[in-house]
A.B. asks: 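Dropping a structure here in structure tokens format, bear with me for questions.
Remember, it's a predicted structure, so these values are computed and weren't measured experimentally.
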Amino acid sequence: MSGGGSDMLPVRYTLQDYSAQPNPQHQPQQPLKRHHTARYYAHRVRESFTNRVIKILCTIFLSVLLLVGIVLFILWLSLRPHRPRFHIADFTVPGLAQPSGFENALVSFNVTDRNSNQHIGIYYDSVVGSIFYQDQQIGSAPLMDPFFQEPKTTTIMYGTFTGATLTVNSNRWKEFMDARQQGTVVFRLEITSVIRFKVTTWDSKRHKMHVNCDAAVGQDGSILPAWKNKKCPVYFS
């Protein structure tokens, strides 16, 4: 080798060596770390505290609302008026066995009126009773003067129809006798009145009340056991 020549030997890279060289373009970039200020952290703390307070207030409000709803529902159940309950206790036609009994015809009855309300009284206007046979009225008369029924009490309503209050002719009495031969004569007692419910110091509007009591008597004119103490339907109009 000559003195003026280069002492460095040429270096040759193979393809494998070249691929092993690091490529700066494919190196993963490290995420940049953000440095927040104290004001930012104070804002986040205030925001978290506000959200917690709002959640607590919403929970308290919903709980109070639920409690009030339950209390109002219980009050509504306890103060909701229930209609009175009527039962036919007795019903007699004493002269039914007599062929000419229409001349001295008499019908008597006894009805119980129960106010089942716990805290609600009932005002009754004058009470009227009417007797029907096959949907034909055969008698009507006042039963009771206006009165007030206390809560959880029972009132006895009784009446007697005779003379001018009972319109029974010979033809109608014959119908009674024919039914009596079959063993049963069915009458209907209707009681009407106008009532108001009293809740503490508040009075409800007036309701026209109708009570229908079916009563069947036997050949002796007395109510049959199966019809005794039977509940009477009540409706308003």
Side-chain angles (χ1 to χ4, degrees), residues 60-93 106-167 186-216 223 226-237:
I60 294 174
F61 174 76
L62 292 176
S63 300
V64 172
L65 188 64
L66 178 61
L67 180 61
V68 171
I70 294 174
V71 171
L72 290 178
F73 179 70
I74 294 175
L75 289 176
W76 177 78
L77 287 178
S78 62
L79 297 179
R80 182 184 60 171
H82 298 280
R83 62 186 63 188
R85 300 173 183 174
F86 288 80
H87 293 80
I88 182 76
D90 194 18
F91 192 97
T92 57
V93 187
L106 183 146
V107 177
S108 63
F109 61 88
N110 189 327
V111 175
T112 61
D113 170 19
R114 175 68 176 175
N115 178 10
S116 61
N117 291 289
Q118 187 79 27
H119 305 289
I120 300 175
I122 303 176
Y123 287 107
Y124 285 81
D125 287 352
S126 57
V127 182
V128 177
S130 302
I131 300 292
F132 292 82
Y133 178 74
Q134 295 182 351
D135 291 330
Q136 298 295 320
Q137 182 174 304
I138 61 173
S140 182
L143 299 181
M144 299 183 68
D145 293 330
F147 69 96
F148 176 73
Q149 188 179 35
E150 296 285 348
K152 289 292 184 181
T153 57
T154 300
T155 302
I156 306 297
M157 294 186 180
Y158 57 89
T160 300
F161 293 87
T162 185
T165 61
L166 192 64
T167 56
V186 181
F187 297 90
R188 178 168 63 89
L189 169 66
E190 182 181 60
I191 298 174
T192 58
S193 182
V194 176
I195 67 173
R196 290 175 293 127
F197 295 99
K198 179 179 175 59
V199 184
T200 60
T201 59
W202 170 78
D203 293 347
S204 72
K205 67 178 183 178
R206 295 175 181 270
H207 302 273
K208 181 68 177 293
M209 181 188 68
H210 302 263
V211 183
N212 286 319
C213 299
D214 291 331
I223 189 170
W227 297 76
K228 194 176 182 66
N229 295 320
K230 191 175 181 179
K231 187 176 181 180
C232 306
V234 179
Y235 69 94
F236 297 108
S237 63

A.B. asks: Side chain to side chain donor-acceptor pair (under 3.5 Å), that's the test. Do R196 and S204 meet it? Break it down for me.
C.D. replies: CA-CA 6 Å; R196 290 175 293 127; S204 72; over 6 Å; no

A.B. asks: List in chain and number order the residues that pass side-chain hydrogen bond (donor to acceptor under 3.5 Å, both in side chains) with N110, two or more places apart in sequence or in another chain; answer none if no residue qualifies.
C.D. replies: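 Testing N110 for side-chain hydrogen bond (donor to acceptor under 3.5 Å, both in side chains), a comparison that skips the adjacent residues, returns none.
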
A.B. asks: Are L189 and I131 side-chain neighbours, meaning at least one heavy-atom pair lies under 4.5 Å?
C.D. replies: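 Yes, side chains in contact.
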
A.B. asks: For E150, give me all partners under side chain to side chain contact (heavy atoms under 4.5 Å, CB included), at least two apart in sequence or on another chain.
C.D. replies: F148, T153

A.B. asks: State, to 0.1 Å, how close F147 and V127 come at their nearest heavy-atom pair, and which atoms those are.
C.D. replies: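 In terms of heavy atoms, the two residues are closest at CE2-CG2, 4.1 Å.
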
A.B. asks: Parallel, tilted or perpendicular for H207 and F236, by the 30°/60° rule?
C.D. replies: tilted

A.B. asks: Just verifying a value: how many Å separate F132 CZ and I138 CD1, rounded to the nearest 0.5 Å?
C.D. replies: 9.5 Å

A.B. asks: Consider ring pair (Phe, Tyr, Trp, His ring centres under 6.0 Å). Of W227, Y158, F187, which one does F91 pass it with?
C.D. replies: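 Between F91 and the candidates, ring pair (Phe, Tyr, Trp, His ring centres under 6.0 Å) is satisfied uniquely by F187.
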
A.B. asks: Roughly how far, to the nearest 0.5 Å, is the CD atom of E190 from the CG atom of D214?
C.D. replies: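 Going from CG on D214 over to CD on E190, the span is 11.0 Å.
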
A.B. asks: Which heavy atom of P151 sits nearest to which heavy atom of N115, and what is that distance?
C.D. replies: CA-ND2, 3.5 Å

A.B. asks: Less than 4.5 Å apart, any side-chain heavy atom of V107 and any of T162?
C.D. replies: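 No, their side chains stay 4.5 Å or more apart.
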
A.B. asks: Please round to the nearest 0.5 Å and tell me the distance separating atom OG1 of T165 and atom CG of L106.
C.D. replies: 8.5 Å

A.B. asks: Taking side-chain hydrogen bond (donor to acceptor under 3.5 Å, both in side chains) as the test, write out the residues that go with H87, two or more places apart.
C.D. replies: none

A.B. asks: Taking only residues two or more places apart in sequence or in another chain, which ones pass salt bridge (Lys or Arg N to Asp or Glu O under 4.0 Å) with D135?
C.D. replies: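 Result, salt bridge (Lys or Arg N to Asp or Glu O under 4.0 Å) vs D135: R188.
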
A.B. asks: Name all residues meeting the side-chain hydrogen bond (donor to acceptor under 3.5 Å, both in side chains) criterion together with T155; count only those two or more places apart in sequence or in a different chain, and write none if there are none.
C.D. replies: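 For T155 the side-chain hydrogen bond (donor to acceptor under 3.5 Å, both in side chains) partners, ignoring immediate neighbours, are Q149.
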
A.B. asks: In this structure, which one of V93, T167, L166 forms a side chain to side chain contact (heavy atoms under 4.5 Å, CB included) with F161?
C.D. replies: L166

A.B. asks: Going by the rule ring-ring contact (aromatic ring centres under 6.0 Å, His included), which residues pair with Y235 if we only count those two or more places apart in sequence or in a different chain?
C.D. replies: H210

A.B. asks: Could you tell me whether the side chain of V68 reaches within less than 4.5 Å of the side chain of V64, counting heavy atoms only?
C.D. replies: yes

